[in-house]
Amino acid sequence: MRAAVVRAFGRPPEYGEFPDPEPGTDETVVRVSAAAVQAITLSRAAGAHYSSDTKPPFVAGIDGVGTTPDGRRVYFHSPRAPYGGLAERAPVAAARSAPIPAAIDDVTAAAVAVPAMSCWLPLTRVAPVGPDTGVLVNGATGGSGRIAVQLAKYLGARTVVATGRDAGRLEALRSLGADELVPLGADPAPLRATVRGLARRHRIRVVLDYLWGASAEAILAALGGPDAPSGPERVWFVHIGGVAGPTITLPGALLRSSGVTVVGSGLGSAPFPEFLGGLAPFFEAFVAGHFRQGTEVRPLAEVTAHWGRTGEDRRLVFRPA
Ligand SMILES: NC(=O)c1ccc[n+]([C@@H]2O[C@H](COP(=O)([O-])OP(=O)(O)OC[C@H]3O[C@@H](n4cnc5c(N)ncnc54)[C@H](OP(=O)(O)O)[C@@H]3O)[C@@H](O)[C@H]2O)c1
């Protein structure tokens, strides 16, 4: 079959031949119709993601959309290594696929699934949104952050605060439901002061953090302190992505002196079916018109030329044929 093959970590995948997959026990071979490039797609291909589980050569792509041999349209995640989503076919465990409603096309489903899973569980299970509370999305200008802003609003957050680096993309979030926009600059001090004021005014009780690094430190400092809410009113800081850096400095006193609770959400933080389970209600809401997601479609044969592109307003999606 034809696939995007990673031949060395740190080099873009090449479009070429890869052995056809055979189904293993409890697996089906999905004929892939669309697979998006997410941040995790790139970091796994670079061997840099904590979930990376194989060495080159392997097929790039963590997920995709396609058809099973018995004709079901499915979204699938984590094909068996060394296979991946950016290929004509992928061997997928039955428990790692979910049906897609007819009203969502393959390309859109491929584009929104990972962003949706990044925030559905945090906002419905880890730190459910209350009707009178605010949600802050740190790194809202990325593809996942944009979906998170829309989901927080859809789930009934009173106020959604969005932070981001790119001024144009940040401003565009107003039309997706963001009520307050906070630009991220090189100096974290103004961010800390701004978030402190917004947190009190809008009762921010949930932070979805896609960045980590200096902005996460500043937001945690703003939310903590002796006058911060505690008990049932506590603030849940949910770490989801590390675009701005792998580590932060977190003063222990901040955790001891406030109700701020730091948790993570990602592959490994909950059983995988729980992440996948969020897709059905998300897709239902998508079909009802509550979300917007742009896409750019390219043939898989062009994968090398477009490798490395993420974070754009329109999600890049490859089609194998
Ligand atoms: N745990 C999970 O379940 C899960 C799921 C999905 C994604 N993620 C992770 O979440 C992160 C974001 O994902 P994504 O899909 O939104 O990625 P994305 O679409 O590639 O967007 C990344 C955004 O990060 C911003 N950025 C890059 N460097 C930055 C910096 N130093 N400071 C501030 N902003 C910076 C850019 O925003 P500007 O345009 O403003 O420059 C870019 O648009 C990634 O680490 C990804 O792996 C985790």
Side-chain angles (χ1 to χ4, degrees), residues 50 118-142 144-146 148-149 151-153 155-165 170 173 177-266 268-270:
Y50 67 87
S118 80
C119 48
W120 184 272
L121 215 51
L123 288 178
T124 59
R125 295 267 198 92
V126 179
V129 184
D132 196 31
T133 56
V135 173
L136 186 152
V137 180
N138 189 33
T141 48
S144 298
R146 276 196 298 277
V149 166
L151 182 62
K153 211 66 189 182
L155 292 173
R158 184 178 75 181
T159 308
V160 178
V161 177
T163 77
R165 198 173 53 169
L170 190 60
L173 290 171
D179 302 288
E180 299 273 4
L181 306 177
V182 182
L184 296 177
D187 179 6
L191 173 65
R192 180 176 168 165
T194 305
V195 171
R196 181 163 265 270
L198 291 173
R200 292 344 180 228
R201 187 158 6 119
H202 297 302
R203 295 188 70 236
I204 292 173
R205 296 292 179 268
V206 183
V207 176
L208 300 185
D209 168 55
Y210 289 93
L211 299 179
W212 213 226
S215 62
E217 287 174 358
I219 290 167
L220 281 163
L223 297 172
D227 59 335
S230 60
E233 279 287 297
R234 65 187 46 244
V235 176
W236 291 86
F237 184 100
V238 190
H239 167 59
I240 300 170
V243 172
T247 58
I248 64 166
T249 297
L250 179 59
L254 189 148
L255 298 179
R256 293 197 301 275
S257 63
S258 72
V260 172
T261 304
V262 181
V263 295
S265 180
S269 70

State, with a plain yes or no, whether a side-chain heavy atom of [X] is found less than 4.5 Å away from one of [Y].
X	Y	answer
Leu170	Pro183	yes
Thr124	Leu155	yes
Lys153	Val135	no

[atom2] on [Y] to [atom1] on [X], rounded to 0.5 Å:
X	Y	atom1	atom2	result
Ile204	Leu136	CD1	CG	5.0 Å
Arg201	Thr159	CZ	OG1	9.5 Å
Asn138	Ile240	CG	CD1	10.0 Å
Leu191	Glu217	CG	CD	11.0 Å
Cys119	Leu151	SG	CG	4.5 Å
Arg203	Arg158	CZ	CZ	6.5 Å

What are the two closest heavy atoms between [X] and [Y], and how far apart are they?
X	Y	answer
Leu123	Ala148	CD1-O, 4.2 Å
Pro122	Val238	CB-CG1, 4.0 Å
Arg192	Ala222	O-CB, 3.3 Å
Arg234	Thr261	NH1-OG1, 2.7 Å
Ala152	Val160	CB-CG2, 3.8 Å
Val149	Ala140	CG2-CB, 3.8 Å

* To do: Applying side-chain hydrogen bond (donor to acceptor under 3.5 Å, both in side chains), name anything that partners His239, two or more places apart in sequence or on another chain.
  =>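 His239: side-chain hydrogen bond (donor to acceptor under 3.5 Å, both in side chains) contacts with Asp209.
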
Side chain to side chain contact (heavy atoms under 4.5 Å, CB included) assessment of Asp227 paired with Arg200: CA-CA 10 Å; Asp227 59 335; Arg200 292 344 180 228; 3.1 Å; yes

Taking Arg205 for the side chain and Val129 for the main chain, is one N or O donor matched with an acceptor at less than 3.5 Å?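 Such a contact is absent between Arg205 side chain and Val129 backbone.
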
message: With a 3.5 Å distance limit and no angle check, can you tell me whether Arg146 reaches the backbone of Thr141 through a side-chain donor-acceptor pair?
response: yes

Side chain to side chain donor-acceptor pair (under 3.5 Å) test vs Tyr210 passes for just one of Ser118, Ser144, Ser215, namely Ser118

